[in-house]
Student: 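Structure in structure tokens, see below.
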Amino acid sequence: MEFIQPGSLAEALGAKAASPHAVPIAGGTDVMVELNFARQRPEALLDLTRVSELNGWRSENGMLRVGAGVTYAELTGERGSSSAHGLSRRLPGLAIAARTVGSPQIRNRGTIGGNLGSASPAGDCHPSLLAADAEVEAVSVRGSRLIPVGEFFTGVKRNTLASDELIAAVWIPAPSGPEQFAKIGTRNAMVIAVAAFALALHPARRAVGTGIGSAGPTPLRASQAEAFLAAALEDAGLWDSRGELPESVVTEFGALVSAAARPIDDVRGTAAYRRHALAVLARRTLTWAWAEYRERDAGQGWAEAGA
Ligand SMILES: Cc1cc2nc3c(=O)[nH]c(=O)nc-3n(C[C@H](O)[C@H](O)[C@H](O)COP(=O)(O)OP(=O)(O)OC[C@H]3O[C@@H](n4cnc5c(N)ncnc54)[C@H](O)[C@@H]3O)c2cc1C
């Protein structure tokens with residue numbers, strides 16, 4: 001097996017164009033499992049760990065650009081400089097999701113780019129990225145393009161990247177409201193989610209974002225649930241009053257999220273259980289997010305997140 005080790009993004013893109021079958025490897029927490037179990041035997045591995053352009057994050061025009069090489073430990077603030085703590089504060093939904101990933105070892109190695117590259121329906125970053133309306137920056141020697149996360153996943157463990165493309169970064173609008181994530185597994189840690197759900201309230205544009213994990217061939221949005229909740233908040237003037245959320249709204253939101261799932265029966269759970277769990281997760285995350293929205297002073301918003 002050839003091992004290609006570029007020292008810059010330009011070199012990495014040149015290598016990917018010259019050897020489109022080379023498998024990129026970042027943290028290796030998915031790739032090495034595939035190799036160890038002989039599920040794949042690529043002709044070449046393209047090591048991205050020396051490509052410094054994939055590291056780090058910055059804020060730009062109200063967006064956060066998170067490099068593909070950013071690890072879970074950096075997303076949670078467990079590791080890295082004080083700016084990493086800033087990242088977990090700026091992207092709370094993704095930080096909550098990252099905290100649920102694997103073990104400290106996996107969180108130290110595993111990257112957001114690798115999670116997207118694997119495109120597992122159970123990938124824990126995906127629901128939060130969907131809820132936040134994130135975009136994937138794909139690069140190649142031909143140039144770069146932005147792919148809305150909702151269009152990035154094309155099937156079970158499949159994504160829309162061309163064979164000469166790499167993920168450079170993820171662009172995430174700075175949140176203007178609370179974000180939540182919750183997942184259910186067969187134990188508390190080191191577990192693939194049986195079902196996961198992310199919620200983002202976007203008061204600045206009076207919108208709601210959702211993401212469903214592990215309950216369909218790809219991560220999914222619950223579009224009807226989003227539209228229902230945004231309209232219910234608007235019609236009752238709740239975005240401004242920050243009043244109590246009617247129980248009927250919470251219940252209907254849960255039912256619509258459950259209905260949006262496309263689950264199957266598998267070793268981790270039945271389709272019926274996943275639907276039930278998603279309704280619970282949706283109600284729970286909405287209750288948490290709304291309580292946070294109500295508690296936080298209207299003047300002391302989320303705007304600093306993009307600063
Ligand atoms: C014990 C264990 C526990 C785990 N727990 C969880 C969990 O709780 N939640 C969860 O979501 N995942 C979990 N995982 C899976 C894995 O850790 C994540 O998917 C992680 O984000 C993969 O990142 P990586 O950097 O290690 O990717 P790699 O293994 O290096 O790569 C993964 C895939 O992405 C591609 N890739 C990587 N970087 C790029 C790039 N820049 N451009 C294009 N393609 C790229 C690779 O070619 C490969 O197809 C677990 C894995 C293990 C072994």
Side-chain angles (χ1 to χ4, degrees), residues 3-6 8-9 12-13 15-17 19-37 39-40 42-56 66-76 94 96-129 136-140 144-145 147 152-153 156-170 181-196 198 211 213-214 219 268:
F3 190 69
I4 308 168
Q5 198 163 50
S8 69
L9 185 58
L13 296 180
K16 192 74 175 104
S19 309
H21 298 300
V23 171
I25 180 166
T29 59
D30 279 326
V31 169
M32 291 311 296
V33 174
E34 294 281 300
L35 296 189
N36 286 343
F37 284 97
R39 290 192 200 122
Q40 61 165 304
E43 286 165 27
L45 283 177
L46 179 64
D47 175 28
L48 300 178
T49 54
R50 296 187 179 182
V51 180
S52 60
E53 292 95 323
L54 301 180
N55 300 335
V66 179
V70 166
T71 62
Y72 294 105
E74 290 171 287
L75 289 171
T76 63
L94 203 52
I96 298 168
R99 261 177 230 127
T100 73
V101 169
S103 59
Q105 294 90 335
I106 297 296
R107 292 196 293 277
N108 278 334
R109 296 292 311 175
T111 62
I112 189 170
N115 209 218
L116 285 161
S118 291
S120 161
D124 281 321
C125 289
H126 312 332
S128 298
L129 294 176
V136 178
E137 182 185 331
V139 279
S140 70
S144 70
R145 62 181 177 130
I147 308 159
F152 183 76
F153 307 106
V156 178
K157 298 194 175 180
R158 301 180 76 86
N159 64 45
T160 187
L161 286 181
S163 60
D164 64 346
E165 281 181 321
L166 292 173
I167 301 165
V170 189
F181 171 88
K183 88 180 186 192
I184 287 186
T186 48
R187 56 184 185 184
N188 275 345
M190 293 288 279
V191 66
I192 302 176
V194 176
S214 279
R268 283 177 284 130

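Both ligands and their constituent atoms are indexed starting at 1 by order of listing.
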Student: Less than 4.5 Å apart, any side-chain heavy atom of Gln40 and any of Val23?
Tutor: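 Yes, their side chains come closer than 4.5 Å.
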Student: Side chains of Leu116 and Cys125: closer than 4.5 Å at any heavy-atom pair?
Tutor: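 A side-chain contact under 4.5 Å is absent here.
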Student: Taking the side chain from Thr71 and the backbone from Glu74, do they hold a donor-acceptor pair closer than 3.5 Å?
Tutor: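 A pair under 3.5 Å: yes.
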Student: Look at atom 50 (C) of ligand 1 and say which protein heavy atom is nearest, naming residue and atom and giving the distance to 0.1 Å.
Tutor: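 Its nearest protein heavy-atom neighbour is Ile106 CG2, 4.1 Å.
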Student: Ile112 and side-chain contact (heavy atoms from CB on, under 4.5 Å): which single residue from Val66, Ile167, Val136 fits?
Tutor: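 The passing option is Val66.
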Student: What is the closest protein heavy atom to atom 53 (C) of ligand 1, and at what distance does it sit?
Tutor: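 Going atom by atom, the protein heavy atom closest to atom 53 (C) of ligand 1 ends up being Thr29 O, 3.3 Å.
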Student: With side chains defined as the heavy atoms from C-beta onward, is the minimum distance between His126 and Asn115 less than 4.5 Å?
Tutor: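 Heavy-atom side-chain distance check passes, below 4.5 Å.
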Student: Non-hydrogen atoms of Val191 versus ligand 1: any pair closer than 4.0 Å?
Tutor: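 The answer is yes: ligand 1 sits under 4.0 Å from a heavy atom of Val191.
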Student: Can you find a heavy atom in the side chain of Val170 that is under 4.5 Å from one in the side chain of Phe152?
Tutor: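 When only atoms from C-beta onward are counted, Phe152 and Val170 do not touch, as no gap falls below 4.5 Å.
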Student: Can you tell me which residue pairs pass the side chain to side chain donor-acceptor pair (under 3.5 Å) test with a partner in residues 23-36, sequence neighbours excluded?
Tutor: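 Passing the test, one end in residues 23-36: Asp30-Ser118, Glu34-Arg39.
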Student: For Met32, is at least one N or O under 3.5 Å away from an N or O on ligand 1?
Tutor: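 No; every N/O pair is 3.5 Å or more apart.
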Student: Write out the residue and atom name of the closest protein heavy atom to atom 48 (C) of ligand 1, then the distance separating them to 0.1 Å.
Tutor: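 Sorting protein heavy atoms by distance from atom 48 (C) of ligand 1 puts Val31 CG2, 3.5 Å first.
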Student: Would you please name every residue forming a ring-ring contact (aromatic ring centres under 6.0 Å, His included) with Phe181, sequence neighbours left out?
Tutor: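 Phe181 satisfies ring-ring contact (aromatic ring centres under 6.0 Å, His included) with no residue once adjacent residues are dropped.
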Student: Any side-chain heavy atom of Leu45 within less than 4.5 Å of one from Val31?
Tutor: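 Heavy-atom side-chain distance check passes, below 4.5 Å.
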Student: Below 4.0 angstrom from a heavy atom of Gly123, which ligand 1 atoms are there? Numbered from 1 as shown, please.
Tutor: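 Numbered from 1, ligand 1 contributes 11 (O).
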Student: Which atoms from ligand 1 have a heavy atom of Gly27 less than 4.0 Å away?
Tutor: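 In order of number, 24 (P), 25 (O), 26 (O), 30 (O).
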Student: Compare Gly117, Gly114, Ala193, Ala122 and give the one whose heavy atom is closest to atom 37 (C) of ligand 1.
Tutor: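 Nearest option to atom 37 (C) of ligand 1, by heavy atoms: Gly114.
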Student: Any atoms of ligand 1 less than 4.0 Å from a non-hydrogen atom of Leu48? List them with their elements.
Tutor: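 It comes down to these atoms of ligand 1: 38 (N), 39 (C), 40 (C), 41 (N).
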Student: Side chain or backbone of Met190 under 4.0 Å from ligand 1, or both, or neither, by non-hydrogen atoms?
Tutor: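 For Met190, only side-chain atoms sit under 4.0 Å from ligand 1.
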Student: Tell me which protein heavy atom sits closest to atom 15 (C) of ligand 1, plus the residue, atom name and distance to 0.1 Å.
Tutor: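 Heavy-atom neighbour on the protein nearest atom 15 (C) of ligand 1: Asp30 OD1, 3.2 Å.
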Student: Mind checking whether Val194 and Ser214 have side chains closer than 4.5 Å, heavy atoms only?
Tutor: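 No, every pair of side-chain atoms sits at 4.5 Å or beyond.
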Student: Check ligand 1 against Val23 and write out every atom of the ligand that is under 4.0 Å from a heavy-atom position of the residue.
Tutor: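 Result: 47 (O).
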Student: Give me the nearest non-hydrogen protein atom to atom 9 (N) of ligand 1 as residue plus atom name, then the distance to 0.1 Å.
Tutor: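 Heavy-atom neighbour on the protein nearest atom 9 (N) of ligand 1: Asp124 OD2, 2.7 Å.
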Student: Where's the contact between Asn115 and ligand 1, heavy-atom distance under 4.0 Å: side chain, backbone, both or neither?
Tutor: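 For Asn115, the contact with ligand 1 is made by both the backbone and the side chain.
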Student: Is Lys183 reaching over with its side chain to a backbone N or O of Thr100, donor-acceptor style, under 3.5 angstrom?
Tutor: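 The answer is yes, because a donor-acceptor pair under 3.5 Å joins these two groups.
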Student: Any idea which atoms of ligand 1 are less than 4.0 Å away from a heavy-atom of Ala68?
Tutor: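 Per the distance check, 41 (N).
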Student: For salt bridge (charged side-chain N to carboxylate O under 4.0 Å, His left out), just list the numbers for Glu165 and Arg145, CA-CA rounded to whole Å, side-chain angles, deciding distance to a tenth of an Å, and then say yes or no.
Tutor: CA-CA 10 Å; Glu165 281 181 321; Arg145 62 181 177 130; 2.7 Å; yes
Student: Distance to 0.1 Å, residue and atom name: give those for the protein heavy atom nearest to atom 33 (C) of ligand 1.
Tutor: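 Minimum-distance protein heavy atom for atom 33 (C) of ligand 1 reads Ser118 OG, 3.3 Å.
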Student: When rounded to the nearest 0.5 angstrom, what is the spacing between CZ in Arg107 and CG in Leu75?
Tutor: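 One finds 11.5 Å between CZ of Arg107 and CG of Leu75.
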Student: Measure the distance from atom 21 (O) of ligand 1 to every protein heavy atom, then report the residue, atom name and distance (to 0.1 Å) of the closest one.
Tutor: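 The closest heavy atom on the protein side is Tyr72 OH, 2.5 Å.
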Student: Just to be sure I read this right, does ligand 1 sit under 4.0 Å from the backbone of Ala26, its side chain, both, or neither, counting only heavy atoms?
Tutor: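 Both backbone and side chain.
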Student: Residue-level breakdown please: for Lys183 versus ligand 1, do any non-hydrogen atoms fall below 4.0 Å on the side chain, on the backbone, on both, or on neither?
Tutor: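 Side chain only.
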Student: Measure the distance from atom 47 (O) of ligand 1 to every protein heavy atom, then report the residue, atom name and distance (to 0.1 Å) of the closest one.
Tutor: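 The answer is Pro24 O, 2.5 Å.
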Student: Which of the atoms of ligand 1 are close to Ile25, meaning less than 4.0 Å from one of its heavy atoms?
Tutor: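 Selected atoms, number and element: 30 (O).
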